[in-house]
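Working notes for the structure below.
Here is how names work: the chains are called A, B, and so on, in the same order as the sequence lines, proteins then strands, and each is numbered from 1. A quick note: this is a predicted structure, and the numbers were derived from the prediction, not measured.
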2 protein chains.
Amino acid sequence: MTTEERIRLQKHLVETIGLEHEKEGMQPVSSRILALLMVMDKECFTFDEIIEELGISKSAASVALKMLQLRNNVEYITFPGDRKRYFRLKRIEPYHIFEESRKKMQRNIENIGKILTLKANPQAPNNHFLNEIKQMMEFFIDSLDHLKESYLKRHNSSNFSS
Amino acid sequence: MTTEERIRLQKHLVETIGLEHEKEGMQPVSSRILALLMVMDKECFTFDEIIEELGISKSAASVALKMLQLRNNVEYITFPGDRKRYFRLKRIEPYHIFEESRKKMQRNIENIGKILTLKANPQAPNNHFLNEIKQMMEFFIDSLDHLKESYLKRHNSSNFSS
DNA sequence: GTTTTAGTTCGTGCAGTTACGAACCAATAA
DNA sequence: TTATTGGTTCGTAACTGCACGAACTAAAAC
């Protein structure tokens with residue numbers, strides 16, 4: 001595979017992965033930027049490189065990058081004597097990727113709890129079902145901690161560094 | 001707590017939980033319907049009861065219910081000699097609540113795989129990071145099966161029936 | 001065969017989002 | 001001090017998605 005061929009395929013993949021992020025609720029421009037940072041060989045992109053590569057406006061890039069930083073997906077580094085920001089994927093600890101699901105599930109558990117306290121007959125089939133779901137979620141949350149431990153145990157040889 | 005008081009609180013909770021589902025990407029009407037079926041004491045709602053209770057149009061209810069059935073959140077039953085559909089929560093097996101996350105993660109794993117095969121230098125820091133994330137996701141998927149087993153083992157006394 | 005019931009589909013309007021360009025700001029360079 | 005660089009904020013225009021009402025369909029009732 002030639003270099004040109006590879007770059008062509010990479011740009012195509014940026015589009016594909018961008019679309020997939022969009023389907024999962026992310027905005028078009030943010031999706032493309034994130035995909036760009038994941039797919040291309042360049043480890044860091046400047047603001048202008050991002051604009052250039054994706055053909056978007058400065059304002060769109062500015063807003064999207066702000067959101068991606070808030071969501072902990074992107075960070076930037078700078079170099080002395082160079083005002084440019086160099087954007088790259090934020091290197092989180094791998095088990096943090098479950099934080100979002102965990103919080104979501106925690107809220108669900110609380111909501112089902114509230115629902116059940118307001119029911120006239122806790123023995124009704126719906127309530128039995130809701131209680132089962134709640135227990136499954138609680139079990140899942142408990143398991144995440146265990147999962148983290150097991151993962152760290154398996155991968156303690158390869159240390160993570162930001 | 002009087003019955004009226006309880007019903008008032010339940011209706012308020014429908015709104016709260018509806019809003020929360022909205023924040024997680026579900027459409028307003030679908031969110032309200034789902035919340036209604038979860039919160040209220042009535043185990044089944046007819047089409048007209050849903051419309052009446054939520055103050056929405058027939059078309060909005062029709063579209064939303066179709067989506068909720070597609071997503072496996074809602075089902076309906078009928079009774080002989082009665083053309084009405086009685087909608088209720090779909091009683092899935094509790095460990096199925098992870099199916100969506102599992103599929104999403106599976107797609108992510110495939111995407112990262114594609115990304116890595118197209119990289120010029122697989123040893124670059126970004127790629128090392130992506131690989132760690134991929135491994136964490138694979139570990140999570142593997143663990144879901146284990147989770148299901150453990151859950152079934154703990155709860156084998158209380159059988160699930162549709 | 002006509003009417004009623006129980007919902008579905010279609011076309012439209014409104015509201016919310018998104019991305020753009022222009023104006024702006026802050027820091028460095030000249 | 002003015003100009004340039006690097007990015008942000010604001011106002012606007014275009015687009016998108018959602019919910020409504022009206023028209024429609026299919027099945028049962030009469």
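Between Q27(B) atom CD and dG17(D) atom P the separation is 10 Å, expressed in whole Å. Between the CD1 atom of I77(B) and the P atom of dA6(C) there is a distance of 16 Å, rounded to whole Å. Regarding E22(B), its CD atom lies at a distance of 10 Å from the P atom of dC18(D), rounded to whole Å. Separating the NZ atom of K84(B) from the C1' atom of dT5(C) is a distance of 8 Å, rounded to the nearest angstrom.
Checking P28(A) against G81(A), the closest nucleotide of DNA chain C that is more toward the 5' end is the one next to P28(A).
Across residues 43-72 of chain A, F47(A), K58(A), S59(A), S62(A), K66(A) each have a non-hydrogen atom less than 4.0 Å from an atom of DNA chain D (numbered order).
Using a 4.0 Å cut-off between a side-chain N of Lys or Arg and a carboxylate O of Asp or Glu, E5(A) and R8(A) qualify as a salt bridge. Electrostatic pairing of K134(B) and E138(B) counts as a salt bridge here, judged by a charged N lying under 4.0 Å from a carboxylate O. Between E24(A) and R107(B) there is a salt bridge, with a side-chain nitrogen of the basic residue lying less than 4.0 Å from a carboxylate oxygen of the acidic one.
The 12-atom threshold is not exceeded at CD of E100(B), counting heavy atoms of other residues, nucleotides or ligands nearer than 6.0 Å.
Using a 4.5 Å cut-off on side-chain heavy atoms (C-beta onward), L9(A) and L13(A) make no contact.
The side-chain contact (heavy atoms from CB on, under 4.5 Å) with R85(A) is formed by just one residue from the set Y76(A), F79(A), F47(A); it is Y76(A). Between R88(B) and the options E49(B), E75(B), E43(B), a salt bridge (Lys or Arg N to Asp or Glu O under 4.0 Å) holds for only E75(B).
Scanning DNA chain C for stems, defined as runs of 3 or more consecutive Watson-Crick or G-U wobble pairs whose donor-acceptor distances all fall under 3.5 Å, gives the following ranges: C:1-30 with D:1-30.
Note on R85(B): every side-chain N or O is 4.0 Å or more away from OP1 and OP2 of dT5(C).
In this structure, N111(B) contributes its side chain and I17(A) its backbone to no donor-acceptor pair below 3.5 Å.
Closest to the side chain of R83(A), out of dA19(C), dA27(C), dT4(C), is dA27(C).
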